[in-house]
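Have a look at the structure below before the remarks.
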Amino acid sequence: MNNIIIVAFCLLAGIFIKKFKGLPHNSYKIINAWLINIAIPVIALKYLPTIQWDKQLITPILIPFGLWFLAIIFTILLSRFIKMDKATKATVLLMIGLANTSFLGFPITQAFYGDEALKIAILIDQATFIVMSTFGVISATKAASHIAFKANKIIRQIVLFPPFLAMIAAFILPLFIDLSPAKPIFNAIGATLVPLAIFSVGFQLTIKDWKVDIKLISWSLLYKLIITPLIVLLFCYIAKVNGVTGKVTVLEAAMAPRVTAAIIAAEYHLNTKLANMILSFGILIGFLTAAIWWLLPSSLL
């Protein structure tokens with residue numbers, strides 16, 4: 001309960017400090033730099049070495065790839081009913097195909113299932129990052145005809161991403177050195193993840209002029225926040241992916257759209273306004289729907 005209160009407080013703090021201009025408008029970039037380069041890598045070093053590997057862990061690793069291709073199908077079907085240009089279609093795909101598995105996923109997973117569940121969340125987030133950096137960037141590049149596709153840039157982006165490097169280190173370093181003396185340091189730095197991540201999300205929320213794209217926003221969020229986790233829940237139930245592994249996999253699939261998906265949409269000059277609207281409404285509504293996807297799996301998985 002305390003963790004949920006902290007999440008709500010930090011979200012509101014970010015919203016109000018932005019509204020009353022308590023910080024410069026781009027202050028969140030400094031917070032995000034800390035999270036990506038320090039806090040999330042430390043969380044990986046803290047939890048991943050203690051993972052007990054079993055065949056159930058294949059599911060959370062592969063789910064983000066499967067959900068991306070389901071999002072492609074949904075986007076194609078949606079474009080039959082709502083006219084979209086190439087840039088808008090790519091924007092919708094990015095926003096519904098990539099979940100906010102770290103900045104939102106980690107704190108909410110920790111709030112609902114405790115610290116140990118973060119091991120599963122980290123694996124899902126790394127898989128989601130790879131999907132975003134490959135399929136996501138390729139889709140954005142194809143929609144933005146003025147930008148050339150560069151495979152070497154994508155590979156470098158993945159390999160040099162700090163949380164990815166930390167994941168590799170978390171599996172290799174324990175073979176040679178004992179990381180337990182560093183645990184107090186990991187605990188102290190890792191404790192910054194939840195408040196700063198949620199504060200950053202609240203600070204970035206932007207909601208204005210949304211009525212123009214209400215149909216696309218509504219369908220995108222219906223798919224992302226309801227249909228996607230329902231598909232994952234049914235899959236985990238049929239495949240007997242039970243316990244915390246299945247529950248965290250469903251919860252992470254239920255997260256709002258990924259912040260970096262909106263950044264990619266802006267970088268490749270897609271439909272930036274639509275991306276920000278889906279992101280902002282998704283975060284606000286996603287906090288409510290996350291509770292549903294915490295309660296439902298408890299009786300099925």
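The analysis underlying the following values was restricted to heavy atoms, covering all of them including side chains, and did not include hydrogens, waters or symmetry mates.
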Which atom pairs, one a donor and one an acceptor, fall under 3.5 Å between side chains of residues 292-301 and the rest of the protein, sequence neighbours left out?
unit_1: Trp293; atom_1: NE1; unit_2: Leu225; atom_2: O; d: 2.9
unit_1: Ser298; atom_1: OG; unit_2: Leu295; atom_2: O; d: 2.4
unit_1: Ser299; atom_1: OG; unit_2: Leu296; atom_2: O; d: 3.2

Can you tell me if [X] has over 12 outside heavy atoms packed within less than 6.0 Å of its [atom1]?
| X | atom1 | answer |
| --- | --- | --- |
| Phe65 | CZ | yes |
| Trp219 | CH2 | no |
| Tyr237 | OH | no |
| Phe235 | CZ | no |
| Phe16 | CZ | no |

Test applied, side-chain contact (heavy atoms from CB on, under 4.5 Å); reference residue, Leu251; option that passes from Ile120, Thr109, Leu233, Thr101
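Exactly one option meets the side-chain contact (heavy atoms from CB on, under 4.5 Å) with Leu251, and it is Thr109.
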
Please tell me whether Phe161 and Phe129 form a close aromatic pair, meaning their ring centres lie under 6.0 Å apart.
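For Phe161 and Phe129, the ring centres are under 6.0 Å apart.
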
Quick one: are the ring centres of Phe135 and Phe69 less than 6.0 Å apart?
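Distance test on ring centres: under 6.0 Å, yes.
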
Can you tell if the side chain of Tyr223 reaches within under 4.5 Å of the side chain of Thr75, non-hydrogen atoms only?
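Heavy-atom side-chain distance check fails, nothing below 4.5 Å.
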
Kindly give the heavy-atom pair with the smallest separation between Ile31 and Ser200, and that separation in Å.
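Heavy atoms of Ile31 and Ser200 come nearest at CG2-CB, 3.9 Å.
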
Leu48 versus Met167, closest heavy-atom pair with distance:
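Smallest heavy-atom distance, with atoms named: CD1-CG, 3.5 Å.
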
No-hydrogen, no-angle side-chain donor-acceptor test under 3.5 Å, Thr128 and Arg258:
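On atom types as modelled, these side chains do not qualify, holding no pair under 3.5 Å.
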
Looking only at the side chains, is there a donor atom on one of Thr91 and Asn271 sitting less than 3.5 Å from an acceptor on the other?
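There is no such pair between these side chains.
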
Mind running side chain to side chain contact (heavy atoms under 4.5 Å, CB included) on Ser220 and Met95 for me, showing each step along the way?
CA-CA 8 Å; Ser220 297; Met95 301 314 293; 5.8 Å; no

Let me confirm one number: the CD1-CG distance from Ile185 to Leu45, rounded to the nearest 0.5 Å.
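Result: 11.5 Å between the selected atoms.
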
